[in-house]
Amino acid sequence: RFSRQDSGDGRTERRSSLFGRPAPALTPATRYRPNPTRRLTALHHCRDRDKPARRRGPTLPRRPKSVPTTPPAHPTRRHAMELRFTDEELAFRAEVRAWVAAHLPADIADKVHRALRLTRDDLQRWARILGARGWLGWGWPSAFGGPGWNAVQRHLFEEECALAGAPRVIPFGPVMVAPVIMAFGTPEQQRRFLPGIASGDVWWSQGYSEPGSGSDLASLKTRAERVGDRYVVNGQKTWTTLGQHGDWIFCLVRTSLEGKPQTGISFLLIDMTSPGVTVRPIITLDGEHEVNEVWFDNVEVPADQLIGAENQGWTYAKYLLAHERTNIADVNRAKRELERLKRIARAEGLWDDARFRDQIALLEVDIVALEMMVLRVLSAERGGRKSLDIAGLLKIRGSEIQQRYTELMMLAGGPYSLPFIHEAMDAGWQGDRALGGLWPGGAEHCIPLTSTYLNYRKTTIYGGSNEVQRNIVAQTLLG
């Protein structure tokens with residue numbers, strides 16, 4: 001609010017109606033037309049112009065005493081987000097905790113807590129224990145032999161298993177291919193394949209990635225040609241996790257070259273004992289045989305092992321990948337490994353190092369934030385509302401957290417983390433005595449730290465690289 005007044009010497013002087021003093025002179029280059037609705041800042045009306053003015057933002061108006069302190073309900077926020085568990089859910093948690101404590105083999109839990117190598121027998125023994133209880137397909141509806149748990153119960157089951165030291169269930173059967181068979185398979189396929197998955201007797205592998213077709217999965221080249229009542233499959237899959245143990249493999253194959261790449265893909269179930277199937281090991285940076293390449297040389301697959309319609313496999317693949325990426329986040333394992341990190345930091349004398357403890361605190365904050373994201377989804381599903389499509393976000397944050405806690409563990413061990421001792425990853429290794437004193441001072445908890453760190457470089461790549469996932473999230477959620 002300015003007014004113009006004659007100063008008496010022929011000049012027109014601008015005066016502020018608020019303070020009655022001359023306003024700062026404006027040169028032609030800086031002259032502006034004042035906006036009457038503009039809030040004046042400290043720069044415009046500082047009382048002492050010999051001191052530099054301090055900029056401050058607009059101050060909020062004081063709340064009148066007569067105005068009630070409880071804010072009115074937001075017209076668009078009709079549903080409160082409830083992150084607390086009900087009494088019934090807490091009772092369910094206690095039931096699961098007691099059952100897992102009674103049935104989880106102690107030798108398996110010990111290996112998990114110490115991050116030692118798990119054999120196929122270890123993994124399948126726990127899967128069969130869960131299968132006998134009807135809990136291996138813990139996410140299945142009761143119509144297909146599952147417990148019929150809701151989203152909150154599934155989360156509590158996963159959390160209790162992880163904290164108790166249960167090995168992570170190999171997801172390719174019960175978590176990935178089973179929901180696809182339920183949703184898109186025929187009744188005959190459901191009766192044939194689901195019981196073996198639910199019991200833990202049949203080990204499934206995943207055949208998606210190929211050389212040159214990883215994140216760009218639609219460019220895959222493995223061909224399946226229809227010949228009578230069979231498909232003849234030729235091609236190669238790679239990075240097949242634990243494929244050396246597989247009984248069956250679900251594969252994306254190309255059945256048509258017409259149209260867009262996504263429109264010519266089909267979803268096949270293949271017996272890995274079929275003639276022409278060859279599994280070759282890929283030894284990873286940590287010295288382990290975890291992944292493989294699988295070759296198909298004129299492999300004959302009965303046509304009744306095609307899931308859904310021919311050339312519609314891309315739709316089924318996307319349905320499956322949503323389950324895979326949510327599973328990769330694995331917030332419950334992150335909580336368990338956070339406690340292990342704290343134990344290692346105390347044992348290595350780093351718990352009193354403020355800077356290292358800061359890194360642990362930052363990691364714990366991110367794990368809690370990831371858990372809150374999961375609980376938001378559970379809250380929406382519990383209230384009958386559609387949850388956010390955030391599988392990609394969970395995969396991004398979860399995989400980055402996994403890499404951070406393995407790095408901090410390795411840093412805590414310092415030079416004692418460096419030796420790579422392949423035999424030390426097996427239970428029963430006798431420590432430095434087996435090396436004739438070549439590893440003085442090395443504690444048992446340091447044995448797997450570097451190999452685990454190297455192995456977990458994969459987490460931001462598999463299941464769709466994080467760079468690609470960020471693009472998908474931007475397009476899906478941001479538009």
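The structure displayed is predicted, hence computed values, not measured ones. The first residue of the sequence shown is numbered 1, and numbering continues consecutively from there.
Partners of D352 by side chain to side chain donor-acceptor pair (under 3.5 Å), not counting sequence neighbours: none found. Considering only residues two or more places apart in sequence or on other chains, R192 meets the side chain to side chain donor-acceptor pair (under 3.5 Å) condition with Q305. The salt bridge (Lys or Arg N to Asp or Glu O under 4.0 Å) search around K335 returns E159, E371, not counting sequence neighbours. Residues passing the side chain to side chain donor-acceptor pair (under 3.5 Å) test with W351: none are found, sequence neighbours excluded. Partners of R280 under the salt bridge (Lys or Arg N to Asp or Glu O under 4.0 Å) rule, at least two apart in sequence or in another chain, do not exist in this structure. For R336, there are no side chain to side chain donor-acceptor pair (under 3.5 Å) partners, not counting sequence neighbours. Residues passing the salt bridge (Lys or Arg N to Asp or Glu O under 4.0 Å) test with D358, sequence neighbours excluded: R355. Not counting sequence neighbours, the partners of E160 by the salt bridge (Lys or Arg N to Asp or Glu O under 4.0 Å) test are R93, R97.
Annotation: side-chain hydrogen bond (donor to acceptor under 3.5 Å, both in side chains) contacts involving residues 99-109, sequence neighbours excluded, comprise W99-H103, D107-R125. Annotation: salt bridge (Lys or Arg N to Asp or Glu O under 4.0 Å) contacts involving residues 460-474, sequence neighbours excluded, comprise E400-R470. Applying the ring pair (Phe, Tyr, Trp, His ring centres under 6.0 Å) test to residues at least two apart or on different chains, the pairs with a partner in residues 267-287 are F250-F267. Applying the side-chain hydrogen bond (donor to acceptor under 3.5 Å, both in side chains) test to every pair with at least one member in residues 263-278, sequence neighbours left out, gives these pairs: T255-S266, D271-T273.
Side chain to side chain, Y405 and Q359 fail the donor-acceptor criterion of an N or O pair below 3.5 Å.
No donor-acceptor pair closer than 3.5 Å links the side chain of S213 to the backbone N or O of S209. Judged by distance alone, the side chain of R333 and the main-chain N or O of A162 form no donor-acceptor pair under 3.5 Å. Looking only at distances, a side-chain donor or acceptor of Q244 sits under 3.5 Å from a matching main-chain atom of H289.
The 12-atom threshold is not exceeded at CH2 of W239, counting heavy atoms of other residues, nucleotides or ligands nearer than 6.0 Å.
E407 and R404 are not joined by a salt bridge, as no carboxylate oxygen comes within less than 4.0 angstrom of a charged side-chain nitrogen.
Ring to ring, F92 and W149 are close: their centroids are under 6.0 angstrom apart.
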